[in-house]
Every structure is written in C-alpha cells, then in structure tokens.
Amino acid sequence: MDPKFLKPYNPAETEGRIYKMWEESGFFNPDNLLGERSEPFTIILPPPNVTGRLHMGHALMLALQDTFIRYKRMRGFKTLWLPGTDHAAIATQAVVEKQIKKEEDKSRHDLGREGFLKRVEAFAAESHDTIVGQIKAMGASLDWSREAFTLDEKRSLAVRTVFKQMYDAGLIYRANRIVNWDPKGQTTISDDEIVYEERPGTLYTFRYTKDFPIPIATTRPETKVGDVAVAVHPDDARYKEFIGKEYDAVFCDAPIHIKVVADKEIDPTFGTGAVGVTPAHSFTDWEIAERHDLPKDKLVINEFAKMMVPGRLNGKKATEAREMVVEWLKNEGLFEKEEVATHNIATAERTGGVIEPLPKLQWWVDVDKEVPDRGKTLKELMLEPVRDGKIKIIPDYFDKTYFHWIENLRDWCISRQIWYGHRIPVWYKGEEIAVGEAPEGDGWVQDEDTLDTWFSSGLWTFSTLGWPEQTADLKLFHPTDVLETGHDILFFWVARMILMTEFALGTIPFKTVYLHGLVRDAKGQKMSKSLGNALDPLEIAGKYGADAARMALVVGNTPGTDMRISEDKVRGYKHFANKLWNIARFVLANAGGARVEISGPEWKEFEALAKDVTKDLEEYRPYLAAEKLYHYVWHRFADQIIEESKPVLKSPDAATRQALLRALLEGSLKLLHPFMPFITEEIWQSMGHEQLLMVSEWPARIKQ
RNA sequence: GCACCCUUAGCUCAGUUGGUAGAGCAGCGCAUUUACACUGCGAAGGUCGGGGGUUCGAGCCCCUCAGGGUGCACCA
C-alpha cells in the first residue's frame, strides 16, 4: 500500500497531478473517447465574463455541469463540454474605464477608440487566463481544444451573419424611438438591464397658468416644460368639456402649447385624473403622443440629464431644475399641493445611473413581426418550444415566469453607445447603406455603435460549434442537451438563445434548462467584493480541496432556490473526503488480490443504490444523488459493512468478503466520481487500474 | 396590482411518484494500543407556520389565513 494512505488525504498534493493526467489522456475531447459512443451529450459552458475572477456562483455552475458530463461520459456517451468566455461588453468596458480613471485620471475619450480598445483587450486577456486557471482547479472536464470567445473571429462572423439575415428578413430595423438612456454610462440599455428601486418621492399638483382649467399631478415638474398635451379619461365628467381645446402658456420661461386629449389609459382616480404629456421623456407619454398624433420631438433634457430649454432652467441638472420649477410655481401661485408618494426609480443595472427616457435613433429587433417562411413572430418562436415541452425548464414553475415575460416583451433595443463589443455591421455612404460585411470602395463609414452583449451570447450554442459553417460538430452536437445557468439570466440569456437559434437554425438550442439558485453567504446576503463576504472558490478549494467545495455546493442545492454556503459546510465534506480515503486504506490493507464472484445482500443493496442514484442523475436531481452517496459511503459502507467485516476477514470466508469490499469500494468510487472527481480518481489509480476512472463504466444501467 | 416561491431539529437547508422525517454546523454522554481523532458509538432534540378538507394513510394533494421573499407590470 502506498504510504500516502497513512496520512490524511491531501488535496493540494493530488489535484494538480490528477487534472494533468486527465488532460493528457485527451478524453476531455469527445473525438478521443474509446468505444462506439454514437450518442452525443453536449453542454456548452455559459461563458464567464472576462471581468476579473470567478466567484462561488461560477464554482457551482462548474460543479453541476461537470457532474452531468462525467456521469454521461461514464455511461458511454460521446460527451462534449465546450468552454469559452464572454467579452461582456458594457461590464468589461465599465471595469476598465474605472481602472483608467483611478490610475491615470483619464476617460476613454482621452485615449480614443483604438487606444482604449487595446487597453480593454489587454485586460480581457489577463482575466481570461485567471479564469481558465480557476476553472481547471475546480476539476472541470472541459474540451479546451474547442475553446471559444464571444468576440473572436469565428463568433464575429456568426454575429455579422445573423445580423444580416435578420435585417434582410425585416426583423432588424433602425428607428428613432424613446429608449432607456443611462446618463452615467452614456448609452442606451434594454428593458432587462433596468433595476427598479423604490424611493420616496413627491407628487406635486399644479396648473400651467392661472386660467388653465385642469390641475396636473406629477413627480417630475422639471419635465413639464416639455409638455405638449394634457390627457384625461374620455368619460371623466370634470374635464369632458375641455377635450380638444388648445392652450398656450409660458411655463418657467419656456413657451408651451397644450392640447387636451382623451385617452382611456388614464386612470381618473389617480392624482387629479389628468396627465401632463411629455412625449420625449416618458414611455407612456410617448405612446399617448403616438395615439393622438402629438409632436414627439420636444426635447427638454439632454444625454447628460441636463435641461435644454429657453430661460432660467437651461443647462441645469434635472434634479436642480425640479426645485426651481417648484419654487417658480409657488411664486406664481400655480402650486396647489404636494404629497409624499413612494415610486419606483429606473436605474441602470451596471452603473446605477438613473435612467432618463430619451428619443434616440437606435437598432431594434422586432419581436412581433412575422418571420419569413416561419409564419410566426419571434415571440411565438420563443414561446412554443417551452409550451410544447421540447425545452424543459427545471424547476418547471419557471415556465410561468418565462411566459409572463414574453407576453410583456417589447422590441429589443440592440445598439449600445459603447466601444467594446461587436460593432454594428452596417456601413453608410450618403443615402446608401450596406449590411453584413464591409463594402468595397471609398467613402463608407461604419455605424459607431456596438451590439448588446446578449446579441452574441444568444448565438452561443451554435456559434461555438462553427456556425455559419455547416461543421460536423454542429451536426453532431446541436441541439445541445442541457443549459445549466442561474435563474437570474433566464430572460437575458435563455430567452435570447431560444430566439436566435429558432431564427438562425430553425431548431431549439437545448433540450433541458437547469436553473440553479444564486449562492449567498452564511447570512443570506448576496456575495460581493464590497461587502467583503465573497468566498473565493480558489481559496476554498485550496484549503479544503476542490472535491469538498463541489460537494458543499451540490448537496441540498435544489434548482431555482438560492442557497447559502459557509466554510463550515465545506469543512464537513472535507471530512467526508478523508473518510473515503480511510475506507480505501482499510480495503487496500485488508482486501488485496482476491478474485471471487460477488454476490450476497450487500452487493444487491449496492446495486439498488446505484440504480437509485442513476435515476436521480437522469432526472436532474444531483443534490439528492450526492446526499444518498454520502449517507451510504459513511453510514452504511464504513460504519456497518466494514465494521462487520473485521471478524469475517479472520474467518474462512475471508476471500469472499475481501472481494466484496473491493467491489463496493470500486463501485462507490464510480458513483462518487462525477461529484468528487479528484479523490476518487486518486484512489482508483492507487488500486492499480490501468484505465482512468473518468472513462470507466458506470455501475448501473437504467433507461433514460 | 398580477404571478410564482418559501415557512421542517438551536442555525442553514434537503425530503424524487402521498406510506409516521434527514444532512452540515452547533450541542450532550461514552470510547483513545481504533481503517480513520480531519474519529467512532450512543442519546437527545421536530404537534413539518395556523386552521380546515381529500385519503386506510398528508411534510408532500386541495381550500383558507398569517409571515417572509422573488419576478413582472404600474408609477401622471
């Protein structure tokens, strides 16, 4: 017996060596796997953002996916787990901008587009290397020969190709429309990138002039200089007589022209039952303006959230202007009352900036237009595979959330005013426009904007497999089997992948969506650097072993439910790893060499466990499978079977018992391998096996 | 406002198709020439949020109430 078994299990000494052994075997690559393996099993890794380091959520994702992949590999599937990273456009740009500001007190504009992009790329490359090292440390059996990046040459081609196809199909269009403008990030963002924060606010009631017949209630008095109408409910008896009338006024130095319109969307019971309509700075007002053919180009706030209007307000910050308007109203005797009202403020997810709705010329994806040759809209194409069960979401109650989101979906704004990302593949020359690839000849100017990062992420399952080229990989491995990701990006990503794949390939991107919960600290707080409660997966794995970290993340972690993780839990599974180590020590010392037919109740019991665990894995209950294995190995195999074996090993039945113990250990190693790959492989190798445990045969066969 | 989830041991959470509840940590008693002290054995601890119903049988299914959370919408 190897003397290392006389000491406690030492993951630090083991893991690097084992991972290297796996990598050198070539078996991470499905092309090298031995045997028939006609059936593929594919997971494309959700690409971590190249914004720095991995966190516990990534570790969880890696643990779960590696468990699924290792299980299927042992069951004889041609398994592909494809790695990659995400350029994460706005997120990465924001990190580098902050860094440059802090270190050199410069903005991206000081560096220029080209110079700035070089800096971002250098940062991204560094992050990439850190991340790959972290992924390997977790034991992830990814096929590194197929690694992809959302912004590399092949993925860029895929992006340009889809863009052109959607443009030609009339699904991508350019339009001037009210958008979510982030004054802090100086870019538009999509509806999904908004976080609503409940804040106390004030609802002011006032009149435009002394003789204006209708009082107005608003939380944003400063925008009232941009009003073009007052909307009331058509049946509101108080205001019926004024509908259709027009008024001129000077509001805080600015001339305004107000038309009274009737709109059934107005709630007569809220405020005064009359809305001052500001089409350029409010989504609902924009829609009212469209319905009543009101002017929509009256801009009074600019991209920096500053007023642009004749008179005293000009150049003031919107928040400052608000106070000035209120003061003016009071001085003029137009102010009626103010009430406290909590309301939701739209903020940008990445920068925290308060969203300022503004009309902007942007690129959009039309989700309500019929897709040529499909006879369905993109919305319907997103809805159908989930509704028909072609795509199964785990846990299934997320179906409802998904449907609800799609029903409320508006056109997707895909252009961003940032530099890092896929530049919009559109070129202009006077009135001419070219889409897809850069046209020949002089005088063409490319669109300045870049694409929403989720546009390229949406192609991930097939761009990684070589599309638009019809590669052998694409044919064999797509649609993929499982998408395993956090429930927080169900809309951002999962929905967009379904949209893109249905459009470009006419098929689904994956059959199963497994949504894990978010990892929180022991107190239930979200882990973050600023709170100082973030556990570094690498540090945890270094201290307790990657296997222990993985078990702690997997056991009891049900899909869709946020989980808490603490070092104590990881320590518990380190003890378990050591228990397994000592079981191996006992078996190696007491059960060498015997070759006897295995049977008896203990073996039957093991076979039943193997079947049970297999069923759990097939039905995506890794949290249960891991717990059952833990219980069996410690409290049945070690506590009972080994204890009972001690006298038997001194009896005439020793040979049979030795064979049983050996078989139970080997079987347990196999079942545990997907969860704790390092220690199981290490023990397996110490038992004198020539082949890797990673590609050994799974000890149970049940139908899927 | 609409929808969904959660409420189980002191704490944090599991509990697959309904068959009198389990992990981690904490904590109690015993054991140190034991495969393993990174330990073992044993005990204790739960009217499974309250109430009602279905069932031979409910932590699990249905209704209802209370508390906590999330998503979406509204937000003049």
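All heavy atoms count here, side chains included; hydrogens, waters and symmetry mates do not. Order of the sequence lines fixes the chain letters, A, B, ..., with proteins taken first and strands second; residue numbering starts at 1 for each chain.
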Per atom distances to the A:Asp639 side chain, the nearest of B:G40, B:U39, B:U34 is B:G40
Report which part of the nucleic acid A:Tyr397 touches: base, sugar-phosphate, or nothing (heavy-atom distance under 4.0 Å, all strands). sugar-phosphate
Would you mind writing out the side-chain donor-acceptor pairs for residues 569-579 of chain A within the sub-3.5 Å range, not counting sequence neighbours?
unit_1	atom_1	unit_2	atom_2	d
A:Lys569	NZ	A:Ala552	O	3.1
A:Lys569	NZ	A:Val555	O	2.9
A:Arg571	NH1	A:Asp568	OD1	2.7
A:Asn578	OD1	A:Tyr9	N	2.9

Reckon A:Glu643 touches a base, only the sugar-phosphate, or nothing at all at heavy-atom distances under 4.0 Å? base
How about A:Thr14 and A:Lys4: does a side-chain donor come under 3.5 Å of a side-chain acceptor? no
Could you tell me if A:Trp412 and A:Asp191 have a donor-acceptor pair between their side chains, going purely by distance under 3.5 Å? no
Considering only the C1' atoms, how many Å lie between B:C36 and B:G71, rounded to the nearest integer? 48 Å
For a quick check of understanding: with a heavy-atom distance under 4.0 Å over all strands, which category does A:Ile266 fall into, base, sugar-phosphate or nothing? base
Taking only the side-chain heavy atoms of A:His343 (C-beta and beyond), determine which of B:C36, B:C4, B:C75 contains the nearest atom. B:C75
So what does A:Ala638 touch, heavy atoms closer than 4.0 Å: a base, only the sugar-phosphate, or nothing? base
When rounded to whole Å, the CG to C1' distance for the pair A:Asp191 and B:G71 reads 15 Å
What string of B, S and - do you get for nucleotides 16-24 of chain B, 5' to 3', when a contact is any protein heavy atom under 4.0 Å? B-----SSS
Opposite nucleotide pairing with B:A14, Watson-Crick or G-U, both atom distances under 3.5 Å: none
Integer-rounded Å distance: B:U34 P and A:Phe5 CZ: 20 Å
Touch check for A:Tyr9, heavy atoms < 4.0 angstrom, all strands: base, sugar-phosphate only, or nothing? nothing
Once you round it to whole Å, what is the distance between P of B:A35 and CG of A:Leu588? 15 Å
If the P atom of B:G46 is compared with that of B:G50, how far apart are they to the nearest Å? 14 Å
Residue list, side chain to side chain contact (heavy atoms under 4.5 Å, CB included) with A:Asn590, at least two apart or on another chain: A:Phe586, A:Leu649
Here's a test of your reading of the structure: between A:Ala584 and A:Ile194, which maps to the more 5' nucleotide of RNA chain B? A:Ala584
Counting the atoms with a prime plus P, OP1 and OP2 as sugar-phosphate, which does A:Lys579 contact under 4.0 Å by heavy atoms, base, sugar-phosphate, or nothing? base
Mind checking the C1' distance from B:G27 to B:U20? Whole angstroms is fine. 27 Å
Closest to the side chain of A:Lys574, out of B:C74, B:C38, B:A3, is B:C38
Protein-nucleotide distance (A:Ile355, atom CD1; B:C74, atom P), rounded to Å: 15 Å
Write down the distance between NZ (A:Lys646) and P (B:G40), rounded to a whole number of angstrom. 11 Å
B:C28 -> Watson-Crick or G-U wobble partner, both distances under 3.5 Å, gives B:G42
Rounded to whole Å, the NE2-C1' distance (A:His575 to B:U39) equals 10 Å
Atom CZ of A:Phe398 and atom P of B:C72: how far apart are they, to the nearest Å? 11 Å
What contact category does A:Thr272 fall into here, base, sugar-phosphate, or nothing, at under 4.0 angstrom with non-hydrogen atoms? nothing
Mind checking who B:G57 pairs with, Watson-Crick or G-U wobble, both distances under 3.5 Å? none
Which whole number of Å gives the distance between the P atom of B:U17 and that of B:C6? 13 Å
Can you tell me how far P in B:C41 sits from the matching atom in B:A37, rounded to whole Å? 14 Å
Start at the 5' end of RNA chain B and walk down; is the nucleotide closest to A:Thr284 or to A:Asn408 reached first? A:Asn408
Flag for A:Trp493-A:Thr485: side-chain donor and acceptor within less than 3.5 Å: no
Spacing between A:Glu349 atom CD and B:G71 atom P, to the nearest angstrom: 11 Å
Distance only, no hydrogens: is a donor on one side chain within 3.5 Å (strictly under) of an acceptor on the other, for A:His233 and A:Asp267? no
Please report the distance separating the P of B:A26 from the corresponding atom of B:G40, rounded so that it comes out in whole Å. 13 Å
Closest nucleotide among B:C5, B:C72, B:A35 to the A:Ile583 side chain: B:A35
What distance, rounded to whole Å, do you find between the two P atoms, one in B:U7 and one in B:C60? 11 Å
If you measure only the distance, is there a donor-acceptor pair under 3.5 Å linking the side chains of A:Glu193 and A:Ser190? yes
Looking only at atom C1', what distance separates B:U16 and B:A31, rounded to whole Å? 39 Å
Using a heavy-atom cut-off of under 4.0 Å over every strand shown, decide if A:Thr561 touches base, sugar-phosphate, or nothing. sugar-phosphate
Measure up the A:Tyr208 and A:Phe206 rings against each other and bin them: parallel (under 30°), tilted (30 to 60°), perpendicular (over 60°). perpendicular
Would you say A:Tyr632 and A:Glu605 are linked by a side-chain donor-acceptor pair, where the criterion is simply a distance under 3.5 Å? no
For B:A3, the nucleotide meeting Watson-Crick or G-U wobble distances (both under 3.5 Å) is B:U70
Using a heavy-atom cut-off of 4.0 Å across all strands, would you classify A:Thr558 as base, sugar-phosphate, or nothing? sugar-phosphate
Scanning all shown strands, the Watson-Crick or wobble mate of B:U34 with both distances under 3.5 Å is none
Using distance alone, with no hydrogens and no angle criterion, decide if A:Asp227 and A:Thr278 have a side-chain donor and acceptor under 3.5 Å apart. yes
